[in-house]
Amino acid sequence: MSFAVDSHIIGHFGPYGGRFVPEALIGALDELALAHEVALKDPIFQAELAELHRTYTGRPSIITEVKRFAEHAGGARILLKREDLNHTGSHKINNVLGQALLTKRMGKKRIIAETGAGQHGVAAATAAALMGLECVVYMGEEDTKRQSLNVARMKLLGAEVIPVTQGSKTLKDAINEAMRDWVTNVDTTHYMLGTVAGPHPFPTMVRDFHRVIGVEAREQCLELMGRLPDAILACIGGGSNAIGIFHPFLDDVNVRLIGLEAGGSGIESGLHAATISGGSPGVLHGTRSYVLQDANGQTVESHSISAGLDYPGVGPEHAYLNDIGRAEYRAITDAQAMEAFALLCKTEGIIPAIESAHALAGAMQIGKELGSEAVLLVNLSGRGDKDVQTAADYFGIPL
Amino acid sequence: MSTPLDTLFVRTRSENRAALIGYLPAGFPTQQGCIDALTAMVEGGVDAIEIGYPYSDPVMDGPVIQAAADTSLRNGTGAAEVMATLAAIAKIAPTVVMTYWNPIEKYGVDKFLADIKGNGGSGVITPDLTIEESDPWIAASTSHDTNRIYVVAPSTLEERLRKVTAATSGFVYAASLMGVTGTRTTVSSSARGLVSRLREVTDLPIAVGLGVSTPEQASEVAQYADGVIVGSAFIRLLQEAHNPQDGIAKVRALAQDLAKGLQRS
Ligand SMILES: Cc1ncc(COP(=O)(O)O)c(C=O)c1O
């Protein structure tokens with residue numbers, strides 16, 4: 001049996017996924033789905049992307065074994081897939097380079113993107129600069145204040161940053177505003193969505209651009225150990241870094257796939273972003289998946305110390321993998337994530353993104369559960385330079 | 001069986017005029033204020049009412065309706081308030097509810113339509129429900145005998161117009177332009193083109209919405225469409241009003257002005 005769902009034909013993952021969008025977007029989504037399908041099979045496109053990854057992104061990303069950190073995780077072997085070493089500092093570059101190439105193929109000259117912490121916005125602005133595309137980034141007004149350094153980065157890269165003042169003024173509203181721009185300018189504009197959410201083909205397409213993480217990691221594990229890891233761990237915002245590393249292992253049924261959601265102050269507190277662990281099935285931003293919502297189906301605001309995980313939705317493929325039991329999802333609180341963050345800094349000399357620290361905290365739990373024979377592969381989705389301010393505040397380091 | 005909305009279009013077609021459809025989100029500016037304003041619209045000459053179910057993430061809506069929906073949500077509007085508004089207004093005019101999909105799914109598709117029908121509603125407009133995701137919706141609305149109103153856009157291709165209109169009843173909602181709701185200084189020329197493309201694939205009544213706000217625009221649209229939908233313009237009057245009575249009076253006056261231009265020459 002294969003767990004890999006071919007969502008290309010209908011864009012569904014079991015009952016999840018699909019398209020819940022204004023009719024005005026259907027043409028653009030069809031065009032994009034077709035462009036992606038063609039590109040997937042086109043050796044010229046694939047070669048172009050691979051060459052960019054080699055000479056620009058810095059792929060393949062390396063594997064680092066973290067022995068001193070592992071002492072705090074039940075003695076299990078822990079391998080990090082170092083997406084933090086990619087150009088721009090996270091996995092996000094995999095997706096934006098792919099989508100930027102598609103944008104050019106579709107003959108569009110303008111891209112729009114949403115961003116929360118600014119990581120995807122910076123990546124999108126980077127790809128746009130590289131390929132000579134006009135770039136507009138929507139960012140919640142609250143987030144532009146919290147992440148002013150990333151706003152400056154995007155501007156340096158030539159992007160226009162539009163603060164979004166509607167609704168909760170955060171990522172979810174930035175997505176709404178990007179969709180409104182897209183409905184209006186769809187002829188000339190590509191919406192470079194930053195994760196595996198949204199209407200078909202985004203969950204499939206963004207996943208396919210991130211699969212390179214898992215494809216490389218699988219080979220690297222076999223080369224290094226002659227076997228696959230016992231468990232793979234990744235943090236879950238929308239779920240793109242996680243699905244990228246999970247997907248090539250879906251049929252390796254002995255490999256546990258574990259997604260770590262942002263538990264904020266704890267699920268019981270109601271202040272979290274753990275969409276699968278603490279939400280329910282619903283429709284948000286064009287796709288059916290798990291959603292944080294109230295009794296009337298209104299989206300509830302999420303909370304996390306990690307801006308990149310602070311989203312009340314999650315990619316539909318994760319919802320499906322959860323329901324069929326192929327992947328597991330756990331919530332990691334802010335405090336647990338920050339403990340793992342500090343530990344990796346001090347034991348290994350690596351400052352992780354706070355997002356990725358959720359996966360590291362998961363490894364500390366799972367390592368203790370599985371014991372010293374186990375091998376855990378952790379997706380270190382990003383580096384923590386962007387989080388120095390937050391971490392300094394958290395640990396009381398005066399700036 | 002035909003709904004009050006179906007009956008309305010039979011009548012307006014025989015009168016050789018367009019129907020005027022007015023929109024407000026339930027709970028805006030207040031629960032009772034909305035009912036009062038919708039009542040004033042009907043008294044002023046609006047033929048049918050569209051009640052919005054305010055939603056936290058309205059991607060089809062521009063700033064005016066977003067702000068109104070925000071106000072309404074802060075007033076605590078939920079399904080019960082939408083249904084209460086429907087019950088009050090359906091007594092005086094054919095009424096439909098317009099809502100994004102998630103509130104329906106959360107409420108339960110079957111129960112939602114039972115309550116729409118039970119409160120006298122003719123049907124539901126679903127701006128983000130695609131035809132591909134519609135199977136349960138089509139089954140339930142068929143069994144409850146409610147109108148299924150889909151929105152089509154200038155970019156919708158002919159084959160898809162056929163598919164969508166085949167599943168539609170009541171009227172087809174033709175979005176006048178590529179964009180979101182809001183007032184515009186002119187009605188986009190793409191509206192006329194879309195309506196004529198629709199005429200080739202369906203005999204259903206066609207109503208044009210998005211950006212229609214003045215009597216001149218309404219009368220222009222009335223020349224080629226079966227219905228004219230006005231929303232943001234009414235909302236703006238209520239937002240700008242000095243007091244509730246002033247708002248209601250202005251809404252009634254706009255309805256009267258809009259209603260004057262519906263006759264086809
Ligand atoms: C470093 C890093 N990891 C993870 C995420 C979460 O996104 P996703 O779940 O799509 O990988 C982000 C988002 O900004 C990020 O910057």
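Just so it is clear: chains get the letters A, B, ... in the order the sequence lines come, proteins before strands, and each one is counted from 1.
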Of all heavy-atom pairs between [X] and [Y], which one has the smallest distance, and what is that distance?
X	Y	value
A:R180	B:V59	CG-O, 3.2 Å
A:V186	B:M178	CG1-CE, 3.5 Å
A:K172	B:S56	NZ-O, 3.6 Å
B:R160	A:I26	NE-CG2, 3.5 Å

Which portion of [X] sits near chain A, non-hydrogen atoms under 4.5 angstrom:
X	answer
B:Y53	side chain
B:P127	backbone
B:T130	both
B:A175	neither
B:P58	both

Taking [X] for the side chain and [Y] for the main chain, is one N or O donor matched with an acceptor at less than 3.5 Å?
X	Y	answer
B:S155	A:G27	no
A:Q298	B:P54	yes
B:N102	A:G282	no

Between [X] and chain B, which part of the residue has a heavy atom less than 4.5 Å away: side chain, backbone, both or neither?
X	result
A:A28	neither
A:S280	side chain
A:D294	backbone

Got a second to check how far A:R19's CZ is from B:I131's CD1, nearest 0.5 Å?
->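 One gets 13.5 Å once the value is rounded to the nearest 0.5 Å.
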Nearest-0.5 Å distance, CE of residue A:M179 to CG of residue B:D128 =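 If we round to the nearest 0.5 Å, A:M179:CE and B:D128:CG are 8.5 Å apart.
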Heavy-atom count around A:E268 CD within 6.0 Å, excluding the residue itself: above 12?
->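 Enclosed: over 12 neighbouring heavy atoms sit under 6.0 Å from CD of A:E268.
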Can you tell me if NZ on B:K117 sees more than 12 non-hydrogen neighbours from other groups inside 6.0 Å?
->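 Counting other residues, nucleotides and ligands, NZ of B:K117 exceeds 12 neighbours.
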Note, [X] side chain near [Y] side chain (heavy atom, < 4.5 Å):
X	Y	answer
A:F20	B:E133	yes
B:Y55	A:N296	no
B:D57	A:L284	yes
B:E132	A:H12	no

